There are 2 protein chains.
Amino acid sequence: MKSEIPPNTVARLSLYRRLLEAWLEKGTTHLYSHEIASMACVTPAQVRRDLMAIGYSGSPSRGYSVDALEDSIGRFLGSDTVRKIALVGMGNLGRALATYFVSRAPRFRMTAAFDNDPRKTGRVIAGCMVHPVEAIPGIIPAEGIRTAVLALPPESAQEMADTLVKAGVKGILNFAPVPLRLPGDVFLENRDVTASLEKVAFFSGQPREGN
Amino acid sequence: MKSEIPPNTVARLSLYRRLLEAWLEKGTTHLYSHEIASMACVTPAQVRRDLMAIGYSGSPSRGYSVDALEDSIGRFLGSDTVRKIALVGMGNLGRALATYFVSRAPRFRMTAAFDNDPRKTGRVIAGCMVHPVEAIPGIIPAEGIRTAVLALPPESAQEMADTLVKAGVKGILNFAPVPLRLPGDVFLENRDVTASLEKVAFFSGQPREGN
DNA sequence: GCCTGTGAAGCTATTCACAGCT
DNA sequence: AGCTGTGAATAGCTTCACAGGC
């Protein structure tokens, strides 16, 4: 095989799609790459490359068909099928994420949530049924869940990640502030909020050249 | 000027530092690059490059002094001085972030929080005094705040970002799921959670080669 | 003229590989 | 022998710039 999709392209496609939906509702039928680029705050060349990656072609005279492109991105990302997600950790961050996903990312289904606190398990919190972590090996394969979000304290993150991978998870979005050691066939995205803030704080101090 | 620090290096330094602190408490005095690398789940060469960037040198025989390195990173990141942060948006995510920072990132001070909901303003929530957004132009310059975290719905994110920049903010950590158009001298880090989840879900489906 | 699609160039980030030190 | 520091190589991502089409 030759062609790989750059991860950043996937993230941008997600954004393009949301922008296109807004235009669809307004009845706009066609957009040029520079118009999409402007809304997404990227360069027009970037937009064309990204669309090239999913094999979608526009017309030089009219640009891209909003309707067909939205559909094309949707099928590429797989959002026409239900994508089941597991959430592990129902602390402050976990609850906020659950609420966020339910209201803002309806294309994902938060199929199951897990926590080790018995005061939380067995209840529905933020729209998600919370199970004890011991139920992971049973529920994940039974539901065919392949994607998990970790919102855990650093102490238990690695252990839960191992449990998830053993149960068949192939992609983890990790909010715990520790690195995870995972097999190479599991996709990992780290969102260490402390490190992000450190980065921003650092460059807020440094003077930067404008563009 | 010639040398620029790679943003990713800054994020990793934040991680190294936290790892070193744990070893300091255990009384370990020296570590080799491959030991730090193993804990951080990166390559030894990456660690040496990162430390080279801050001008810290180890010894081929003993490795890096945990104590001196921790200190060196701290001074480089500026964490010996108080770094004031403003948080804008006290919804579910904002509250979770505030709680998280107060307990897990004590080197940052959440100096002020802002929200436009009158039921929230004037109170202390998650350890932060919440002000109305109209107070931004007064408080930000008075406190000398240069860094802000945005946890807002997409509709108001751009407007609040503009207000913050006008008030002197030079770095924004954006959790709103929209791109922000900002002057080139303002550092921007986007943490669009929907896009992150989309990326992970996409690659959870695709088979990937191991390492 | 102004657009798309895309080879080539340019940047940035990471890893290799080895000289030099102890 | 096994480490660090680093030039050189590689990989990955973004932008340039232009051929080709309406």
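Every chain is numbered from 1 and lettered A, B, ... according to where its sequence line falls, protein lines coming before strand lines. As the structure is a computational prediction, the values presented were derived from the model and not from experiment.
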A.B. asks: Under a 3.5 Å distance rule, please check whether A:Ser196 uses its side chain to pair with a backbone N or O of A:Asp192 as donor and acceptor.
C.D. replies: yes
A.B. asks: Looking at residues 28-44 of chain B, who's got a heavy atom less than 4.0 Å off DNA chain D?
C.D. replies: B:Tyr32, B:Ser33, B:His34
A.B. asks: Taking the nucleotide of DNA chain D with the nearest heavy atom to each, does A:Arg48 or A:Arg12 sit closer to the 5' end?
C.D. replies: A:Arg12
A.B. asks: Output the distance between atom CG (B:Leu87) and atom NE2 (B:His131), rounded to the nearest 0.5 Å.
C.D. replies: 11.0 Å
A.B. asks: CG of A:Asn8 versus C1' of C:dA13: gap in Å, rounded?
C.D. replies: 12 Å
A.B. asks: Under 4.0 Å, heavy atoms only, any strand: does A:Ser57 hit a base, just the sugar-phosphate, or nothing?
C.D. replies: sugar-phosphate
A.B. asks: Among the nucleotides C:dT4, C:dA13, C:dC16, which one has an atom lying closest to any side-chain atom of B:Pro7?
C.D. replies: C:dA13
A.B. asks: Mind checking A:Arg62 for me? I need base, sugar-phosphate or nothing, with any heavy atom below 4.0 Å counting as a touch.
C.D. replies: nothing
A.B. asks: With side chains defined as the heavy atoms from C-beta onward, is the minimum distance between B:Leu13 and B:Leu51 less than 4.5 Å?
C.D. replies: yes
A.B. asks: Would you mind classifying the nucleic acid contact of B:Ser59 as base, sugar-phosphate or nothing, using non-hydrogen atoms under 4.0 angstrom?
C.D. replies: sugar-phosphate
A.B. asks: Can you pull the contact range of chain B along DNA chain D, 5' to 3', using atoms under 4.0 angstrom from its heavy atoms?
C.D. replies: D:dC3 to D:dA8
A.B. asks: Angle between ring planes, B:Phe187 versus A:Phe203, binned at 30° and 60°: parallel, tilted or perpendicular?
C.D. replies: parallel
A.B. asks: Do any pairs count as a side-chain hydrogen bond (donor to acceptor under 3.5 Å, both in side chains) and have a residue in residues 93-105 of chain B, sequence neighbours left out, and if so which ones?
C.D. replies: B:Asn92-B:Arg95
A.B. asks: Check the distance between C:dA13's C1' and B:Glu4's CD and give it to me in whole angstrom.
C.D. replies: 14 Å
A.B. asks: Taking DNA chain D as the partner, which of residues 64-75 of chain B come within under 4.0 angstrom of it by heavy atom?
C.D. replies: B:Tyr64
A.B. asks: For A:Ser61 and A:Met52, take the nucleotide of DNA chain C holding the closest heavy atom to each; which residue's nucleotide lies nearer the 5' end?
C.D. replies: A:Ser61
A.B. asks: Could you pull out the closest heavy-atom pair between B:Ser79 and B:Arg17, with the gap in Å?
C.D. replies: OG-NH1, 2.7 Å
A.B. asks: Take a 6.0 Å sphere around CZ of B:Arg191 and say whether it holds more than 12 heavy atoms from other residues, nucleotides or ligands.
C.D. replies: yes
A.B. asks: Does A:Glu159 use its side chain to pair, donor to acceptor, with the backbone of A:Ser156 at less than 3.5 Å?
C.D. replies: no
A.B. asks: Give a yes or no on whether B:Glu25 atom CD has more than 12 heavy-atom contacts from other residues, nucleotides or ligands under 6.0 Å away.
C.D. replies: no
A.B. asks: Not counting sequence neighbours, which residues clear side chain to side chain donor-acceptor pair (under 3.5 Å) with B:Glu21? List them please.
C.D. replies: B:Arg107
A.B. asks: Write out all pairs satisfying salt bridge (Lys or Arg N to Asp or Glu O under 4.0 Å) with one or both partners inside residues 74-87 of chain B, taking only residues at least two apart or from two chains.
C.D. replies: A:Glu198-B:Arg83, B:Asp71-B:Arg75, B:Lys84-B:Glu143
A.B. asks: Where the side chain of B:Gln46 is concerned, which of C:dT4, C:dC21, C:dT14 is the nearest nucleotide?
C.D. replies: C:dT14
